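Written out below as structure tokens is the structure these notes cover.
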There are 2 protein chains.
Amino acid sequence: MTRPPTDPRRPLTLRDVSEASGVSEMTVSRVLRNRGDVSDSTREKVLGAAKALGYVPNKIAGALASQRVNLVGVIIPSLSNLVFPEVLSGISAELEDTGLQPVVGVTNYSPQKEEAVLYEMLSWRPSGVIIAGLEHTDSARAMLENAGIPIVEIMDVDGSGVDSVVGISHRRAGLHMAEAIVAAGYRHIGFLGTKMPEDHRARKRLEGFKEGLAAAGLQLEDEEFYSGGSALLKGREMTEAILKRSPNLDFLYYSNDMIGAGGLLWCLDNGIDVPGRVGLAGFNGVDLLDGLPRRLATMDACRREIGRKAAEIIAGRPHSGLIGGEVIELEPTLQRGDTIRSA
Amino acid sequence: MTRPPTDPRRPLTLRDVSEASGVSEMTVSRVLRNRGDVSDSTREKVLGAAKALGYVPNKIAGALASQRVNLVGVIIPSLSNLVFPEVLSGISAELEDTGLQPVVGVTNYSPQKEEAVLYEMLSWRPSGVIIAGLEHTDSARAMLENAGIPIVEIMDVDGSGVDSVVGISHRRAGLHMAEAIVAAGYRHIGFLGTKMPEDHRARKRLEGFKEGLAAAGLQLEDEEFYSGGSALLKGREMTEAILKRSPNLDFLYYSNDMIGAGGLLWCLDNGIDVPGRVGLAGFNGVDLLDGLPRRLATMDACRREIGRKAAEIIAGRPHSGLIGGEVIELEPTLQRGDTIRSA
DNA sequence: TCCAGTGCCGTTATCGCTAACATAGCGCTT
DNA sequence: AAGCGCTATGTTAGCGATAACGGCACTGGA
């Protein structure tokens, strides 16, 4: 639109708006931030000028001067996992009217990448950081400790956090699933999961699961792992493989719902009686499952809720007078679906 | 770790590192940015001090001073669509070694939200913006035009962009699908889609599709729309509804693969011969489809490729001497799958 | 009448860093 | 020995905004 007469391609600053509206830069700043007393008439003048010029404030300068940044760093392992977009959506919803804004970083389950992403984020001096998991490199942990801002580690409570923690106990989730399965009378149990040493939550679930089996005098009779590719397809392939190899298995526990769904489809395609001949269960409670021919047993991970609580802690910290260190453990609920026979 | 003796909770600055290592702030800055000549001995001293203190540079101050920001704004409608995380992953991959970093904003298909997100992003003075779609509010379009940075509008080429454009023609994608269906001998065609007036790409596909039917003297015989909920489940429900209402339909065109997959599962569950009695097709080419009992016909949207090309334009602009305005149209390919009978 | 209180707006001094220029020391040439 | 071109470092002056304070014109109660 209209541009100051000096240099048509110089980026606009407060000064341009100030000159265009005949008041000081300070007053323009006050109007644009809705802070301090300004008369209605000057407010209108300033807003008019700003709009006419197409002025967009420079938050870099603003942040430097005010030592305040309205960003919250969110560090997660992946966006294609479906779980994390849901957590994000909980965070966004909770942050909506706080003036805070989430900024996402993705680590691909690599601790080194996580460290790099965290460093990058902290260099923008955000108001807080939400980060998935309790396991970090020493260096990353040190950065979190010294950042001087609220930190919330999410998803997992099995371990000790730097500051606040919001999540579920994956160990107990696995344990409870094992108990339910045993109670339903299944005795020959196999596990199917991802080949990801850095997915600590999946590992803890499996550990808890084995513990639950052990308590009933049982143990896993077979396992199958995959990495990469279409999870649904992998679920099919792995299910076929494990049942061929160990035909006497009567229950398959999957580390996530996607491969579980693949397994379910394979069983149905091959005329296997579910849950009579074989029972199935996954983990997460993704709403994809609602459309399947049969509802897979699963355990929801309270994803949106985790996001909300974490954001609430970040947003509330300055007001609440809390120094931090809250640990919020949510309770995942077992959804039996149609793939575990009634006890 | 060790902290300067003055005030233990004052955030660290270049000055702290400079004092700790006995050189000027400027030299520290040079070391930390790998810019300019610094002797190996001082470099080591500085890096050692920085590490010992746990210093994290302040990019806010750096960006203000250098007038350079290594961020690229990416504005997309949703993260739960699965399409967009894939585009993002293409962008991230391409930006990987450029020093540039994507920052994501989500609009939920709301033009007003888009405008707000864009304003917020521009206020951080990013090096470029990648934004989904060609349709924006007047105000948003004006901001894009005046931002003075490379802008890439992605996903769609049916219309005119502000600067560069990378995408496919959804109109032609719909048209080609119609041609393929007609060629395969289907004559009674229904459409199932989302109730989203702001999803311009879905709208354009439908328009192109109708155009393709019209060219063969046909028209849509029935339509069904949904919003919200589990797409797979909605696909089932809508398919049941439309086939009950219009039993003589012999082809169902879905606006996305998820509801198409739901429809496919419903047909199989109900013993409907696919593709004999009814043919099905979706849109997108999500890898979920690989695990279905039958492969749904679809058309891939070149998602990763779009992300890569867009990022390439942003990253390359300063070097390439290009002023902008490239339009890159990619060609979606038809994947016939198992749900269209051979012509 | 006087002065504290309030509404409105301007002035000044940073915020933490980097661009641009200045400077010091060195080896080498002439 | 003076002068040149390097390299390695320091000095100065902002970048564009905001915090903190100051000042002026009114108001209203003592």
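What you see is a predicted model, and the numbers here were worked out from it, not measured in a lab. Proteins get letters first, then strands, A, B, ... in listed order; numbering begins at 1 in each.
Nucleotide dA19(D) holds its C1' atom 13 Å from the CG atom of Leu64(A), rounded to whole Å. Taking atom CD of residue Gln67(B) and atom C1' of nucleotide dG14(D), one finds them 10 Å apart after rounding to whole Å. dA19(C) atom P lies 12 Å from atom CG of Leu14(B), rounded to whole Å. Atom NZ of Lys59(B) and atom C1' of dC15(D) are 17 Å apart (whole Å). In this structure, the CG atom of Leu12(B) is 11 Å from the P atom of dG16(C), given to the nearest Å. As a whole-Å value, the separation of Arg35(B) CZ from dA8(D) P is 17 Å. Rounded to a whole Å, the CZ atom of Arg15(B) is 11 Å from the P atom of dC17(C). Atom pair Glu19(A):CD and dA17(D):P shows a separation of 13 Å (rounding to whole Å applied).
Side-chain atoms of Arg304(A) and Ser89(A) include a donor-acceptor pair closer than 3.5 Å. Looking at His136(B) and Glu115(B), their side chains never bring a donor and an acceptor atom within 3.5 Å of each other.
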Could you go through the salt bridge (Lys or Arg N to Asp or Glu O under 4.0 Å) check for Glu19(B) and Arg15(B) one step at a time?
CA-CA 6 Å; Glu19(B) 283 170 0; Arg15(B) 148 152 280 127; 3.5 Å; yes
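Between the side chain of Asn58(A) and the backbone N or O of Ala61(A), at least one donor-acceptor pair lies under 3.5 Å. Without hydrogens or angle criteria, Glu329(B) side chain to Val157(B) main chain gives no donor-acceptor distance under 3.5 Å. Using a distance-only test at 3.5 Å, with no hydrogens or angles considered, no donor-acceptor pair links the side chain of Asp163(B) to the main chain of Pro150(B). Under the 3.5 Å distance criterion, the side-chain polar atoms of Glu326(B) are left unmatched by any main-chain donor or acceptor of Val165(B).
Take Val38(A) and apply the side-chain contact (heavy atoms from CB on, under 4.5 Å) test, not counting sequence neighbours, and it matches Thr27(A), Arg30(A), Val31(A), Thr42(A), Arg43(A). Checked against salt bridge (charged side-chain N to carboxylate O under 4.0 Å, His left out), Glu96(B) has no partners two or more places apart in sequence or in another chain. The side-chain contact (heavy atoms from CB on, under 4.5 Å) search around Gln112(B) returns Ser110(B), Thr137(B), not counting sequence neighbours.
Between Tyr55(A) and dG16(D) there is no side-chain polar atom (N or O) within less than 4.0 angstrom of OP1 or OP2. For the OP1/OP2 pair of dC17(C) and a distance below 4.0 Å, the side-chain nitrogens and oxygens of Arg33(B) include no atom meeting the criterion.
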Output one letter per nucleotide in nucleotides 4-11 of chain C: B when a protein non-hydrogen atom lies under 4.0 Å from the base, S when only the sugar-phosphate is that close, - when neither is.
----SBBB
So which protein N/O to nucleotides 22-25 of chain C N/O distances come out below 3.5 Å?
none

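Helix bend of the helix from dT1(C)-dA30(D) to dT30(C)-dA1(D): the angle between its two end axes, each built from five pairs, comes to 60° after rounding to 10°.
In plain terms, the two heavy atoms of Leu100(B) and Ala315(B) that are nearest each other are CD2-CA, 4.1 Å.
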